[in-house]
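Read through the structure below, which is laid out as structure tokens, and then see the notes.
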Amino acid sequence: MFDATASAHGDEVASGRRFRFGANWLRFSSDLDDQQLRTAANSLLERINQGAYDLSRPGPPPQPDIARFLDIGCGSGIFSLAARRMGAAVVSVDYDPDAVACTRALRQDHCPDDVEWVVAEISVLDTHAMSKLGEFDVVYAWGSLHHTGQMWSAIEQALVRVRPDGILILAIYNDQGIRSHLWRGVKRLYCSSTLGRVFVLAGALPYFYLRAIAGGIVRGRRPKTTLTSYATIRGMSRFHDIVDWVGGLPFEVASPESVVEFASTRGFEQRMVRNVGRAHGNNEFVFHRLQAMVCEPMT
């Protein structure tokens, strides 16, 4: 979701090298309801608790009296809102101008003129702009850093923004080998043209919906229950997530072991890892910063 400037973003979209994440989230946010907001808040709280962190009790002096929360690749802004409602001072950043507009609209609807919630159009790869943000008690980068085109540099920048004793909540696409290469081809086709989008969605939507229904039946759930319960997971939308999955360029992947090693060599310990195994999707992590950062040369 990031690069150097808004004009660069537009050029990448026009050339088929980047998916319009923000436009997808604008459509999603137009249908948000209170239940989805509560579900998103519960999902975020669960992961913060897994990091053994309490947003209401930031670190000892000279830390600020209010915990700081950084949402990298804020998308719809729904998790930034959840963090703000928990009492944190929030900074939401995204490279996609539509995502920034979406988050600003959500802030205006729910927290108008709130000085403790800042929304900015910043690339995580812009080290100067990111350094000016300072350090945070909680850094949240859920399903965003693998869409930068420079995933490991993006993860490095997220780690740098965590203050000592703070946590990083991270989700990164699982490395499936050849299947990941095939997925990249699907995404390139989707972003190539209007015809490409129609073709991909015509196959993807029935596949994902029917797979979900079949899985629900195996677990004894009615199809209607399966289709209507998706928003109870993280407050998200199945349709908009599918569009994100099949269109999301740039696209990079990593094994859970490589992510854990990358963070651990930089002064972080794992508090939680959810490994999807050989399946498609995100591996989920919560890391705790133990000490001063150890920044190794990027290869």
Side-chain angles (χ1 to χ4, degrees), residues 1-3 6-32 36 71-79 93-103 121 123-125 141-151 154 171-212 227 230-231 233-254 276 279-283:
M1 297 181 183
F2 314 92
D3 207 323
S7 61
H9 176 274
D11 291 342
E12 290 176 349
V13 170
S15 67
R17 290 179 290 129
R18 184 172 293 276
F19 174 67
R20 293 185 63 195
F21 294 96
N24 189 41
W25 295 129
L26 279 170
R27 291 188 290 269
F28 161 73
S29 63
S30 64
D31 297 324
L32 274 176
Q36 285 174 287
D71 189 355
I72 302 178
C74 53
S76 67
I78 187 173
F79 294 98
V93 299
D94 205 302
Y95 170 52
D96 190 311
D98 286 333
V100 173
C102 185
T103 300
E121 188 176 319
S123 163
V124 71
L125 301 176
W142 194 270
S144 58
L145 303 185
H146 48 230
H147 292 311
T148 61
Q150 298 179 47
M151 181 182 67
I172 295 291
Y173 270 137
N174 188 40
D175 187 351
Q176 295 179 280
I178 187 62
R179 293 176 66 186
S180 295
H181 289 286
L182 294 175
W183 262 111
R184 188 174 290 108
V186 170
K187 293 169 184 288
R188 286 173 176 164
L189 176 59
Y190 181 95
C191 292
S192 66
S193 64
T194 301
L195 182 60
R197 289 192 291 274
V198 172
F199 180 81
V200 170
L201 286 177
L205 291 174
Y207 168 76
F208 280 111
Y209 275 93
L210 290 174
R211 190 178 75 166
L227 294 178
Y230 188 82
I233 302 173
R234 291 179 60 244
M236 305 304 285
S237 155
R238 186 186 301 275
F239 173 81
H240 293 94
D241 274 354
I242 290 173
V243 173
D244 183 284
W245 294 338
V246 300
L249 280 181
F251 171 69
E252 293 179 83
V253 297
V276 297
H280 174 69
N282 288 318
N283 294 311

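Atom CG of Leu182 sits about 12.5 Å away from atom NZ of Lys187, to the nearest 0.5 Å. Separation of atoms OH (Tyr190) and CG (Leu195) is listed at 12.5 Å; rounding is to 0.5 Å. Of the inter-residue distances, the one linking His280 atom NE2 with Arg179 atom CZ reads 9.0 Å to the nearest 0.5 angstrom. Note: Ser180 OG to His146 NE2 = 11.5 Å, rounded to the nearest 0.5 Å. Atoms SG and CZ, from Cys191 and Arg197 in turn, are 8.0 Å apart once rounded to the nearest 0.5 Å. Put simply, CG on Leu205 and CZ on Phe239 are 6.0 Å apart, with the number rounded to the nearest 0.5 Å.
Partner of Trp183 under the side chain to side chain contact (heavy atoms under 4.5 Å, CB included) criterion, chosen from Val246, Ile178, Val253: Val246.
When all heavy atoms of Gly143 and Asn282 are compared, the pair lying nearest together is CA-ND2, 4.4 Å. Of all heavy-atom pairs between Ile242 and Phe208, the closest is CD1-CB, 3.5 Å. Gly196 and Ser193 get closest at one heavy-atom pair: N-OG, 3.0 Å. Nearest heavy-atom pair across Ala254 and Met151 is CB-CE, 3.8 Å. Closest of all the heavy-atom pairs between Ser144 and Ile72 is OG-O, 2.9 Å. Gly75 and Cys102 make their closest contact through O-CB, 4.0 Å (heavy atoms, listed as atom of the first residue, atom of the second, distance).
Remark: the backbone N or O of Phe251 is paired with a side-chain donor or acceptor of Arg184 at under 3.5 angstrom. Looking at Asn174, its side chain never comes within 3.5 Å of a backbone N or O of Asn283 through a donor-acceptor pair. With His147 contributing its side chain and Pro250 its backbone, the two residues share a donor-acceptor pair below 3.5 Å. For the pair Asp94 (side chain) and Val100 (backbone), a donor-acceptor distance under 3.5 Å is absent. Judged by distance alone, with hydrogens and angles left aside, the side-chain atoms of Thr148 form a donor-acceptor pair with the main-chain N or O of Leu145 at under 3.5 Å.
Inter-residue side-chain proximity for Leu201 and Val243 is flagged as met; some heavy-atom pair is nearer than 4.5 Å.
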